[in-house]
Amino acid sequence: MITAPLLLEVQDLVTRYPVPRGIVGALARRPKEVAHAVEGVSFTVGAGEMLALVGESGCGKTTTAQTVMRLVDPVSGTVRFRGEDITHLRHRELRPLRRRMQLIYQDPYDSLDPRFRVRQTVEEPLLVHHLGSSHERSERVTRALERAGLAPADLFLDRFPHELSGGQRQRVAIATALVLEPELLVADEPVSMLDVSVRAEILTLLDSLRRSGLGILMITHDLSTAARFADRIAVMYLGRIVEEGPAQAVVQDPRHPYTRALITVVPKRDPRDRTTPEILKGEAPNPVHVPTGCRFHPRCPEVASGRARERGMEERCRGEDPMLRELAAGHEAACHLA
Ligand code: SF4
């Protein structure tokens, strides 16, 4: 059980995007539509804790991270950092906060400026925030690189991004976040663009940073990564968290049919494991037209197989939106059948 002080508290967060109608739609006076990217999401991240936000592409996990970082404005809900409500802080008021909350991007090939040497890239945030003398900045750059696993730093300081491997680039991106000595890292699919061989190294690095006291919100589509490294897992589907709990509980005793389906498609280590993958049927989620009732019902194996009807729940599944309920200590799911 995590008892560390809370860094981040997100409560009932709602983020929506207007959908462009185009010239034809405007002339035809089609009604304006919105994408319900995030719909009432709540979670916390403590110091020294890693929470993995898991879900398939388009489920709203990246928008959640961007809203938490205040790169996108929410429609409603609150984001608190160290107890302070930061939901409506203006750009200037957010500036000191940006040092304490850092984002690591998915693509280390895109996030580094090809014209900058490693030294310049990692020093840049210190210059932006007017921190330290030239000598202090140089020491902080060296420390951040070595903390990110690029040691001795002298070997890397004068290299350009094209002289680094994918894993080394991601380490430079992490050093660029660490140089400001943040308390919270938001890592958006930090290994999805990397070779399988270096993924474990980067995840182990994030794990060691968590152990040193940083809070980490990791966005990933990979449930096996979340199970291996996170303390807690929150599973998102179509803008909502549908299951949340301690990582081992969610993976070993999943309570939501969507989580169960995700687990069946994770590659098994044991070749004798003959679990049949549960391939979800139906359309991929569309956040503009969210189904009524349980948003998962058009694809839910419990409905498709008739098990929900046998238990007298099918009408409820189609008509009533289930809320998250605690089913075991700290383990919640949003399903009428759970
Ligand atoms: Fe499936 Fe019904 Fe549970 Fe939704 S509430 S996940 S449709 S069983």
Side-chain angles (χ1 to χ4, degrees), residues 10-16 34-43 51-64 77 219-224 226-227 230 232-266 275-338:
V10 175
Q11 191 69 41
D12 295 327
L13 200 66
V14 175
T15 309
R16 296 180 184 141
V34 290
H36 300 256
V38 179
E39 281 294 314
V41 162
S42 304
F43 59 83
L51 171 70
L53 213 47
V54 180
E56 61 198 324
S57 183
C59 72
K61 52 192 192 307
T62 293
T63 303
T64 303
I219 310 299
T220 179
H221 64 278
D222 182 356
L223 194 56
S224 58
R232 287 186 300 124
I233 293 176
V235 180
M236 276 191 86
Y237 183 81
L238 208 45
R240 279 268 175 85
I241 290 178
V242 295
E243 180 155 5
E244 205 224 311
Q248 289 312 310
V250 170
V251 172
Q252 287 168 10
D253 184 20
R255 302 298 186 96
H256 195 281
Y258 178 59
T259 314
R260 287 202 287 271
L262 289 182
I263 287 171
T264 64
V265 295
V266 170
T275 311
T276 312
E278 181 110 56
I279 307 297
L280 294 175
K281 301 199 169 58
E283 299 272 313
N286 180 349
V288 178
H289 303 290
V290 177
T292 55
C294 173
R295 58 193 57 213
F296 186 53
H297 87 256
R299 302 172 79 198
C300 180
E302 298 296 317
V303 173
S305 66
R307 286 191 290 271
R309 189 172 339 112
E310 282 163 22
R311 293 178 59 181
M313 283 290 178
E314 188 172 341
E315 285 312 304
R316 216 171 153 205
C317 290
R318 292 181 191 280
E320 191 184 320
D321 193 3
M323 295 292 114
L324 276 174
R325 287 185 294 130
E326 187 163 31
L327 304 165
H331 188 174
E332 300 178 310
C335 171
H336 296 312
L337 264 65

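Order of listing sets the numbers, starting from 1, for every ligand and every atom in it. Bear in mind that the values here come from a model prediction, so they are computed numbers and not experimental data.
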Between Tyr237 and His256, is the gap from one ring center to the other below 6.0 Å? no
Just which atoms of ligand 1 are under 4.0 Å from any heavy atom in His256? 6 (S)
Asp222 and Thr220: side chain donor to acceptor below 3.5 Å: no
Between NE2 on residue His221 and OG1 on residue Thr62, distance to nearest 0.5 Å: 11.0 Å
Show the numbers, then the answer: is there a salt bridge (Lys or Arg N to Asp or Glu O under 4.0 Å) between Arg295 and Glu39? CA-CA 11 Å; Arg295 58 193 57 213; Glu39 281 294 314; 5.3 Å; no
Checking Glu244, Glu326, Arg325, Glu243 against His331 for side chain to side chain donor-acceptor pair (under 3.5 Å), the one that qualifies is Glu243
For Asp253, salt bridge (Lys or Arg N to Asp or Glu O under 4.0 Å) partners two or more places apart: Arg255
Listing by chain and number, which protein N, O or S atoms are under 2.8 Å from atom 2 (Fe) of ligand 1? Cys317 SG
